[in-house]
There are 2 protein chains.
Amino acid sequence: MPKMNNKNKIFIDKLRSSGLRPTNQRVEISKFLFNRKKTFHFTVEELKNSMNLKRPKKISTATFYNTVHALKSAGHLKEFSLENNTSCYDTNITSHHHFFDNGRVIDIKSDKITFQKLPEAPKGKKIKNVEVVIRLENNN
Amino acid sequence: MPKMNNKNKIFIDKLRSSGLRPTNQRVEISKFLFNRKKTFHFTVEELKNSMNLKRPKKISTATFYNTVHALKSAGHLKEFSLENNTSCYDTNITSHHHFFDNGRVIDIKSDKITFQKLPEAPKGKKIKNVEVVIRLENNN
DNA sequence: TAACTACTTTATAATTATTCTAAAGTATGT
DNA sequence: ACATACTTTAGAATAATTATAAAGTAGTTA
């Protein structure tokens, strides 16, 4: 096998810390997801389509699902449900909130929403996180 | 057909206002959902199972889906997505929020959460609603 | 480096939630 | 009661996701 060059170290590290061996397919997925200036949202289907579009040799659906799940479990991706019951993933793992605008998802920076009052967790439980969704509609 | 007695009027009205004729199946679903002291959460699958369990003549899956959808579109039910990408419905249609605790959903009264700061809607848009999910985990 | 073993990839089948279809049944206006 | 448009139903179809198992590959060991 070809020796991995150093410029991929960061993407390989994300895989390793997710318990995944850095295979070619996984490294390409990791690079596609994290080698960018801006974070973004995607469904597995969208990821698969955009990555496979230009590839002569397609990466299989199962590999996309496996890799995305492992990255998510390790905390490298955040998951949320869309209205149509599909999973959407976010490469922005910092605490933040969302606008939902007719199927379009827009990030809201964490500091744009603050609480005056929050309930206490039931006994024996503690709060893991708080997520706000602001649903939008067209003016008038 | 037997004349509907008055005690079902309220359940029939919910159907009528959802654009549905009050057939026997629909009236039974409407009663099952709304003829109770406390509101509750359910998935279509759960609703179907609990209603059909004791019935000699089962109501079909399609009827459950159709009826629940129409009730939801008319505003008699609220819908939200669970973590496992199934739709969950809430007979509590007042504005409120939720705890998510390992698949269990618990209502949070609206006045238990208040905001200090909320972002403005992007131009051309307005806020339809704001929903908060507080995810719980076990204490240590 | 060779060889081994456990982990991966892949195509395909299976599953789950949901929607569609079309034939037989029913509510409602007249 | 008649006609008609709306319903119900079983079963097929779809979509997203997960499982399977055979062939391939990474990492370890000798």
Side-chain angles (χ1 to χ4, degrees), chain A residues 1-5 8-9 11-13 15-30 41-49 51-52 55-74 77 79-89 103, chain B residues 1-5 8-9 11-13 15-30 41-49 51-52 55-74 77 79-89 103:
Chain A
M1 77 235 80
K3 195 199 264 186
M4 289 302 175
N5 51 23
N8 287 342
K9 182 169 189 316
F11 311 114
I12 291 176
D13 284 348
L15 295 171
R16 284 243 146 84
S17 64
S18 308
L20 298 178
R21 286 182 182 173
T23 62
N24 287 331
Q25 293 92 327
R26 287 168 177 170
V27 172
E28 294 214 37
I29 293 173
S30 183
H41 304 122
F42 63 94
T43 66
V44 173
E45 199 61 20
E46 288 164 358
L47 175 65
K48 187 183 89 171
N49 290 341
M51 285 196 66
N52 275 345
R55 300 172 64 82
K57 193 164 184 311
K58 312 303 183 194
I59 297 175
S60 73
T61 306
T63 296
F64 283 108
Y65 274 99
N66 291 341
T67 306
V68 165
H69 276 166
L71 288 169
K72 178 231 156 186
S73 295
L77 293 173
E79 182 182 21
F80 53 90
S81 280
L82 295 180
E83 319 273 80
N84 56 335
N85 291 324
T86 56
S87 284
C88 186
Y89 296 88
Chain B
M1 76 232 80
K3 196 198 263 185
M4 289 300 176
N5 51 23
N8 286 343
K9 181 168 190 315
F11 310 114
I12 291 175
D13 284 348
L15 296 170
R16 283 244 146 85
S17 64
S18 307
L20 298 179
R21 287 181 181 174
T23 63
N24 286 331
Q25 292 91 327
R26 287 168 177 172
V27 173
E28 294 213 37
I29 293 172
S30 183
H41 306 120
F42 63 93
T43 65
V44 173
E45 199 61 19
E46 289 164 356
L47 175 65
K48 186 182 90 170
N49 290 340
M51 285 197 65
N52 276 345
R55 301 172 64 82
K57 192 163 184 313
K58 314 301 183 195
I59 297 174
S60 74
T61 306
T63 296
F64 284 107
Y65 274 99
N66 291 342
T67 306
V68 165
H69 276 166
L71 288 168
K72 178 232 156 186
S73 296
L77 294 171
E79 182 182 21
F80 54 89
S81 280
L82 295 180
E83 318 274 80
N84 55 335
N85 290 325
T86 56
S87 285
C88 186
Y89 296 88

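Every chain is numbered from 1 and lettered A, B, ... according to where its sequence line falls, protein lines coming before strand lines.
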Base versus backbone protein contacts along nucleotides 8-19 of chain D [heavy-atom cut-off under 4.0 Å; B, S, -]:
SBB-----SBB-
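- Between E46(B) atom CD and dT18(C) atom P there is a gap of 10 Å when expressed in whole angstrom units.
- The side-chain hydrogen bond (donor to acceptor under 3.5 Å, both in side chains) search around S18(B) returns none, not counting sequence neighbours.
- Atom CZ of F64(B) and atom P of dT19(C) are 15 Å apart (whole Å).
- S73(B) is linked by a side-chain hydrogen bond (donor to acceptor under 3.5 Å, both in side chains) to nothing, counting only residues two or more places apart in sequence or in another chain.
- Scanning for ring pair (Phe, Tyr, Trp, His ring centres under 6.0 Å) contacts around H69(B) gives an empty result, with sequence neighbours left out.
- Residues satisfying the salt bridge (Lys or Arg N to Asp or Glu O under 4.0 Å) test with E46(B), not counting sequence neighbours, are none.
- Note: NZ (K48(B)) to C1' (dT19(C)) measures 13 Å, nearest angstrom.
- The nearest whole Å value for the distance from the CG atom in L15(A) to the C1' atom in dC7(C) is 14 Å.
- Remark: N52(A) pairs with K48(A), R55(A), K58(A), I59(A), F64(A) by the side-chain contact (heavy atoms from CB on, under 4.5 Å) rule, at least two apart or across chains.
- Remark: the backbone N or O of P22(A) is not paired with any side-chain donor or acceptor of R16(A) at under 3.5 angstrom.
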